[in-house]
2 protein chains.
Amino acid sequence: MEGKHAVAALGALAHATRLEIFRLLVQRGPEGLSAGTIAGKLDLPPSSLTFHLQQLLHAGLATQRRLSRQLFYAVDFAAMNALMAYLTENCCGGEACIPVCRPAVAKPPRARRKSA
Amino acid sequence: MEGKHAVAALGALAHATRLEIFRLLVQRGPEGLSAGTIAGKLDLPPSSLTFHLQQLLHAGLATQRRLSRQLFYAVDFAAMNALMAYLTENCCGGEACIPVCRPAVAKPPRARRKSA
DNA sequence: GCTATATTTCGATTATCGTCGAAATATAGG
DNA sequence: CCTATATTTCGACGATAATCGAAATATAGC
């Protein structure tokens with residue numbers, strides 16, 4: 001991860017609405033949520049939601065995929081982990097302080113009965 | 001951790017200069033660095049540096065302590081860990097995806113020969 | 001108390017971000 | 001192709017953030 005990229009990711013998260021969206025998506029997992037579902041949960045006007053989703057996309061923190069008429073958004077877990085790693089890189093000069101993160105990879109999505 | 005607080009912390013990090021400062025401090029560990037040292041390493045005018053340090057302080061990501069004429073800044077590692085935890089809270093609905101972080105506590109500072 | 005060093009506060013300027021209505025685009029189904 | 005639904009693009013306005021010089025404050029040593 002590069003500094004500019006990390007700043008973009010952090011900037012995307014540094015907003016109340018976007019952080020809520022992000023956390024919704026984190027909880028949801030790789031399957032993601034449709035724009036409409038998110039708009040419903042957070043009670044946002046559609047144009048505002050799109051704006052924020054674009055920010056998350058451009059920052060590389062979320063992915064987008066179409067399913068029929070709806071667009072599903074999901075967290076890019078690899079990017080999330082990379083960001084964590086970047087923030088804590090070489091913490092305490094490598095001494096035995098071992099602060100925070102153990103990056104790992106999210107499991108691939110699994111089939112479900114109903115989608116959101 | 002609360003949402004507003006997390007937004008403040010992320011906003012503090014969402015800036016090229018502040019992210020550099022933060023990472024310098026993360027690497028340095030609990031001992032911290034003096035304002036002057038940071039200004040030297042990043043080649044910043046003093047008033048700009050103060051501005052950014054205040055942001056980190058207000059966001060609760062850094063601590064300040066005076067040592068003679070100099071002010072030392074250090075990362076608040078507990079706050080850093082809390083932020084990570086907040087971002088990944090209940091990831092994937094608690095299913096066995098286990099994405100990222102294992103919060104832990106930074107060790108307390110240890111005595112050193114020379115300070116910076 | 002005077003001088004030097006370290007850092008902060010103040011103030012003005014410029015640039016970027018957030019909001020949201022209205023109109024445009026994409027997909028699905030008859 | 002016409003209608004309905006889902007989402008995005010455009011545009012304009014108000015609000016917030018970043019920069020940095022100059023002056024002010026804090027500490028130390030003589």
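Numbers restart at 1 for each chain; the letters A, B, ... are given by sequence-line order, proteins then strands. Since we're looking at a predicted model, the values are computed, not measured.
Each of A:Gln54 and B:Arg66 has a nearest nucleotide on DNA chain D; the 5'-most of these lies closest to A:Gln54. DNA chain C is contacted by both A:Ser47 and A:Arg69; A:Ser47 maps to the nucleotide lying nearer its 5′ end (nearest heavy atom per residue).
Taking CG of B:Leu56 as the start and OH of B:Tyr73 as the end, the distance is 9.5 Å to the nearest 0.5 Å. Rounded to the nearest 0.5 angstrom, B:Arg23 CZ and B:Leu25 CG are separated by 11.5 Å. Interatomic distance, A:Leu53 CG to A:Leu61 CG, rounded to the nearest 0.5 Å: 12.0 Å. Annotation: the span from A:Leu49 atom CG to A:Leu42 atom CG amounts to 7.5 Å, rounded to 0.5 Å. Expressed to the nearest 0.5 Å, how far CG of B:Leu71 lies from CG of B:Leu33 amounts to 13.0 Å.
Using a 4.0 Å heavy-atom criterion, one finds that A:Pro45 contacts the sugar-phosphate atoms exclusively. Counting non-hydrogen atoms under 4.0 angstrom, A:Ser68 reaches the backbone sugars and phosphates but no base.
Regarding A:His15, its NE2 atom lies at a distance of 13 Å from the C1' atom of C:dT16, rounded to whole Å. If you take CD of A:Gln55 and C1' of C:dC17, they are 8 Å apart, rounded to a whole angstrom. Rounding to whole angstrom units, CG of residue A:Leu42 and P of C:dG18 are separated by 16 Å. For the pair B:Gln70 CD and C:dA4 C1', the computed distance is 14 Å after rounding to whole Å. Between A:Phe72 atom CZ and C:dT27 atom P there is a gap of 15 Å when expressed in whole angstrom units.
Using a 4.5 Å cut-off on side-chain heavy atoms (C-beta onward), B:Met80 and A:Thr88 make contact.
Read 5' to 3', the first and last nucleotides of DNA chain D with an atom closer than 4.0 Å to a heavy atom of chain A are D:dA4 to D:dT9.
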